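First the structure, in the form of structure tokens, and then the observations on it.
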Amino acid sequence: MNNKVQLDQVNIHFGKTHAVKNVSILFPENSVTAIIGPSGCGKSTLLRSINRMHDLFPSARVEGRILVDGSDIYDKGVDPVSIRRRVGMVFQKPNPFPAMSIYDNVIAGYKLNGRMVKSEADDIVETSLKRVALWEEVKDRLKTNAMNLSGGQQQRLCIARTIAVKPEVILMDEPASALDPISTLKIEELIEELKERYTIIIVTHNMQQAARVSDYTAFLYMGELVECGETKKIFTTPEQKQTEDYITGRFG
Amino acid sequence: MMRSVAWRNTKNHLMTALMLAATAAVLFPLLLIFVHIVKMGIDSLSVDFFTQIPKPTGEQGGGMANGMLGSLIMIGAASLVGLPIGIFGAIYLTEYGGSRMSAAIRFAADVLSGTPSIITGLVAYSLLVVPMKGFSAMAGAAALGMIMVPIVLRTTEEQLKMVPGTLREASLALGVPLWRTSLKVTLRSATSGVLTGILLAIARVAGETAPLLFTALGNQFWGKSLFAPMAAIPLQIFTFAISPYEDWHRLAWAGALVLVVVMFTLSLTARYFGRQKYRI
Ligand SMILES: Nc1ncnc2c1ncn2[C@@H]1O[C@H](COP(=O)(O)OP(=O)(O)O)[C@@H](O)[C@H]1O
Ligand SMILES: [Mg+2]
């Protein structure tokens, strides 16, 4: 299988904090990889380096190579904006644009960039919402405010907004941690379907979730990659003692 | 036991009374000013007041139309230049500011807004009036603009900082460049707060007299151009009030009334916008 994203000896610093230490991972195309580990171990930091969100923090420093389709996204001359169009991101708390309608939220990526073609908008909205299984629930109130949706619906809307701009990779940072169990289940089912088209990297501190949705799992501890491999293997016969302790709930 | 409850109640009443007194002490002068200005100015408010320029001394009637237009023109010109500088400066501070540069800008803005306005007028005088060899509306507008910029800059910055970072990240993660995100998401979410700041800045300079004294100078007639002396309401109030003529005094009061009503309206509108929720 093709490796869509590849981290090669990645180190990330915030000023004096060394948040991610010498991490190398392969993310195969059209698969779901879960990054697990206790709170504060650097999962979000690692994830956000893959679409260059750290560029916004002057104190953040990313070293090593991060390859998408074989080319380093931190190379000189690479525009972070073009990377973010290929590598989308879903955040922990649903964050639809509060004054936009459901409809406008889906095409926000086009509207904010001033490149919406009117005749294509309806199509994009319908396809994207169908793909996140939200179409039936909202098709009669597309022009109403997105904040009227439930938390779970808002999160699916945010996923729709992300896939509307046709990314290749989707990063998810604990996308269900703010949701109720039923909404969580829907998001998990969705991830299962999305991997047919996208490469998905999901951060979660919920191990059952990692076991349910992912093909591969990477266990991060204090900024270091402890172990990484097929999810089945990590959860049944981990090689490292630390991994076993963590997944059996002995710490974290 | 009983005594301590009674004592607590007494203390409670005492404090309430004190606070009521303090509130009254704040409101009373305001009310006094307002009532007095209305009483003195209302009789001279006529159609003439809004359409005529001042009559030569000795003639009855006349108005302050030239002053009102002059104030509008100079505040307009000051806003045209000052508001974009203030707003884009604030965007720079919040979104792009490398720490050194933004600290310097913030410091400059704070010093500038703490500077007495007569000094701002003097600066405009020596930088514009002297080299251009004459008083001008443009110099007046520049002085007003210098007062507006730091106010707008700091209020806008405060408002931009209150926009949740999650919204900016949502936009950036969709591949929207930072500058577009700043304008279309951050600034737009803060629109109502930014408008409040703008209105307060306008209200502030609408009443400024000192910076216009040796820049726009004032004019008994319609201003000819931006490069000639121009009348303004506060200047006219000043000149008329210190004149020895009874009817000019009445015009000054009418001018004061107009100014107070305008500022009152601006402040109320500002409050209205300030109450709106953040939206985009
Ligand atoms: N913007 C930042 N500035 C400074 N330190 C940060 C920043 N973001 C994260 N960190 C630090 O990096 C470490 C890892 O944080 P994070 O990646 O958020 O952990 P996780 O997502 O696994 O809970 C923490 O010690 C945190 O304090
Ligand atoms: Mg995190």
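Just so we're on the same page: letters track the sequence lines, and every chain starts at 1. All values reported here derive from a predicted model rather than from experimental measurement. Both backbone and side-chain heavy atoms feed into the values below; hydrogens, waters and symmetry mates do not.
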Give a yes or no answer on whether the side chain of [X] reaches the backbone of [Y] with a donor-acceptor pair at less than 3.5 Å.
| X | Y | result |
| --- | --- | --- |
| A/Asp180 | A/Ser183 | yes |
| A/Asn145 | A/Pro98 | yes |
| A/Lys43 | A/Gly37 | yes |

Charged tip of A/Arg52 within 45° of A/Tyr74 ring normal and under 6.0 Å: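 The answer is yes, since A/Arg52 meets both limits relative to A/Tyr74.
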Cationic tip of A/Lys143 above A/Tyr103 ring, under 6.0 Å, 45° of axis: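 Flagged: A/Lys143 positioned over aromatic ring of A/Tyr103.
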Side-chain H-bond candidate by donor/acceptor type, B/Glu208 with B/Ser117, under 3.5 Å: yes
Side-chain donor-acceptor pair present, A/Glu174, A/Thr204, cut-off under 3.5 Å: no
Using a 4.5 Å heavy-atom cutoff, which residues in [range] come close to chain B?
| range | result |
| --- | --- |
| residues 156-165 of chain A | A/Arg161, A/Thr162, A/Val165 |
| residues 120-134 of chain A | none |
| residues 81-88 of chain A | A/Val81, A/Arg84, A/Arg85, A/Val87, A/Gly88 |

Pick from A/Asn95, A/Leu171, A/Val90 with the largest number of heavy-atom pairs that fall under 4.5 Å of chain B: A/Asn95
Partner chain B: residue of A/Gln92, A/Met89, A/Lys93, A/Met53 with the largest heavy-atom pair count (under 4.5 Å):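 Among the listed options, the one with the most contacts to chain B is A/Met53.
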Worked check of side-chain contact (heavy atoms from CB on, under 4.5 Å) between B/Leu45 and B/Leu257: CA-CA 9 Å; B/Leu45 277 189; B/Leu257 177 57; 3.5 Å; yes
B/Arg154/B/Glu157 salt bridge by N-O under 4.0 Å criterion: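 Yes, charged N to carboxylate O under 4.0 Å.
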Part of A/Lys111 within contact of chain B (heavy atom distance under 4.5 Å): backbone
Counterpart residues, ring pair (Phe, Tyr, Trp, His ring centres under 6.0 Å), relative to B/Phe50 (two or more places apart): none
